[in-house]
Amino acid sequence: MGADRKTVAYSGVGQSDRSFITDRPGLEAVRSRIVSDIRSTVEDASAEGVVVAMSGGIDSTVTAALAVEALGSDRVLGLGLPCHKTEQTGVSEARTIAEGLGIEFEAIQLRPILEAFEDTVVDSLESHEADDRPYERNHATGNVVARLRMICVYYAANRQCRLVLGTANRSEWLLGYFTKYGDGAADTYPIGDLYKTEVRALAKRIGIPKRIVSKEPTAGFWADQTDADELGASYDVIDPLLQRLVDMDEPIGDAADVLGIDRETARSIAWLCAETQHKRATPPTPGIGGRTAGP
């Protein structure tokens, strides 16, 4: 995604669209719904609590805070899972947040695990033809890191009889901006129905520190990686467009014109949504005898 894509930002885009949930009554209703859903999901599973991978960013912070509101601080475990030196600041931030929430927090350095993976697996499977495609290797390695993180989170959940709370929001989900079976693996996604715009509003409403709310979004795939660079546009551009394309089923050209976005950028974002549909779907079976993968 986005190897040669220019990051686009439009001042004022989406500011007149009032269908995002950003008002006080709406945010309080969302808060209550999420808290209730976390509580009932944990109770239905007869779990002892939840695990949240905490990066120091807004999504994981909001998820952890709502989990504490739903279950109490003693039933929430936060994990910091850095792999790059640049992530240490985020882990320190996550620890500070965890202390403020009163939850248990553990930091696990993944760099030695990644190095062992590269020595044992990458050297055996990497072809010489791939040497001239470093961007692709960055993505492959970033996906490995995301899956290593989820291995750790699920190990903690299995050992402590907890559920895993995913931290993806609706914007990321619709764009496939997550790693399949990495951060795309979880037992439930508390903020998965909220666009990034709404997550920011909710964060402010529940008292998340301003420094967290205003932080540059990143998936932490590699050093200095940002969401805007990867996606080719900021969430101020992406969210109103996705809302019109997905929720309102508007044609790409019409949505782009209404929002003042160039059509090339609009088509690029729409392509990401369509191309990553497989990430949001249950893996199919051949359907032998009319059978399906689910009940």
Side-chain angles (χ1 to χ4, degrees), residues 1-22 26-27 30 55 57-63 135 139 142 146 166-180 182-184 189-204 208 212-222 224-280:
M1 291 186 295
D4 301 312
R5 194 174 293 134
K6 183 179 179 181
T7 300
V8 181
Y10 298 89
S11 60
V13 168
Q15 296 303 310
S16 62
D17 193 328
R18 300 185 179 183
S19 58
F20 288 118
I21 304 171
T22 57
L27 291 173
V30 165
S55 64
I58 186 173
D59 295 326
S60 61
T61 300
V62 169
T63 301
Y135 188 79
H139 270 282
T167 62
N169 58 61
R170 181 167 173 78
S171 306
E172 295 168 340
W173 197 252
L174 289 177
L175 294 177
Y177 190 54
F178 56 89
T179 297
K180 204 170 185 178
D183 50 334
Y189 288 92
I191 62 171
D193 292 329
L194 302 181
Y195 286 101
K196 191 77 168 188
T197 299
E198 296 167 324
V199 175
R200 287 173 176 154
L202 180 60
K204 294 176 183 177
I208 301 302
I212 303 296
V213 177
S214 61
K215 187 181 294 187
E216 179 72 33
T218 175
F221 283 161
W222 56 79
D224 301 323
Q225 182 264 346
T226 68
D227 290 6
D229 287 343
E230 280 297 285
L231 298 173
S234 69
Y235 288 111
D236 290 340
V237 174
I238 290 170
D239 284 358
L241 181 61
L242 284 177
Q243 187 180 66
R244 288 182 174 275
L245 296 179
V246 179
D247 299 342
M248 301 167 65
D249 199 27
E250 284 189 5
I252 297 173
D254 292 353
D257 291 346
V258 168
L259 295 171
I261 301 172
D262 69 84
R263 293 196 174 195
E264 181 181 354
T265 299
R267 283 193 294 269
S268 178
I269 292 171
W271 178 87
L272 282 176
C273 187
E275 186 71 8
T276 58
Q277 174 59 35
H278 68 96
K279 289 187 172 186
R280 297 181 290 274

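On a predicted model such as this, the values are computed, not experimentally measured, just so you know. Note: hydrogens, waters and symmetry copies are ignored here, and every other heavy atom, side chains too, is used.
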Undergrad: For the residue pair Val246 and Cys273, establish whether any side-chain heavy-atom pair is separated by less than 4.5 Å.
TA: yes
Undergrad: Can you tell me how far OG1 of Thr22 sits from CG of Leu202, rounded to the nearest 0.5 angstrom?
TA: 11.0 Å
Undergrad: To the nearest 0.5 Å, what is the distance between CZ (Phe178) and OG1 (Thr276)?
TA: 6.5 Å
Undergrad: Hey, what do you get for CG (Leu27) to CG (Leu194), rounding to the nearest 0.5 Å?
TA: 8.5 Å
Undergrad: Could you grab the distance from atom CG of Leu175 to atom CG of Leu272, nearest 0.5 Å is fine?
TA: 5.5 Å
Undergrad: Kindly give the heavy-atom pair with the smallest separation between Leu241 and Ala256, and that separation in Å.
TA: CD1-N, 4.4 Å
Undergrad: Taking Asp183 for the side chain and Ala168 for the main chain, is one N or O donor matched with an acceptor at less than 3.5 Å?
TA: no
Undergrad: Would you name the heavy atoms of Ile252 and Ala266 that are closest together and state the gap between them?
TA: CG2-CB, 3.8 Å
Undergrad: Given 3.5 Å as the limit, does a donor-acceptor pair link the side chain of Glu198 with the main chain of Ile21, or not?
TA: yes
Undergrad: Ignoring hydrogens, what is the shortest heavy-atom contact between Phe20 and Pro240? Give both atom names and the distance.
TA: CZ-N, 3.7 Å
Undergrad: Give, for atom CG of Asp262 and atom CG of Asp257, the distance between the pair rounded to the nearest 0.5 Å.
TA: 10.5 Å
Undergrad: Considering non-hydrogen atoms only, spot the tightest contact between Ser60 and Thr167 and give its length.
TA: CA-CG2, 3.7 Å
Undergrad: Yes or no on side chain to side chain donor-acceptor pair (under 3.5 Å) for Asp247 and Tyr195, after CA distance, side-chain angles and deciding distance?
TA: CA-CA 12 Å; Asp247 299 342; Tyr195 286 101; 2.7 Å; yes
Undergrad: Got a second to check how far Asp249's CG is from Asp254's CG, nearest 0.5 Å?
TA: 11.0 Å
Undergrad: For a side chain to side chain donor-acceptor pair (under 3.5 Å) with Lys196, tell me which candidate from Asp239, Asp59, Asp236 qualifies.
TA: Asp59
Undergrad: Where the side chain of Arg280 meets the backbone of Leu174, is there a donor-acceptor pair that is under 3.5 Å apart?
TA: yes
Undergrad: Test your reading of the model: is there a side-chain donor-acceptor pair from Lys204 to the backbone of Val213, 3.5 Å cut-off?
TA: no
Undergrad: So which heavy atom on Leu245 is nearest to which on Ala270, and how close?
TA: CD1-CB, 3.8 Å
Undergrad: For Asp193 and Arg170, work out which heavy atoms get closest and say how close.
TA: O-CD, 3.6 Å
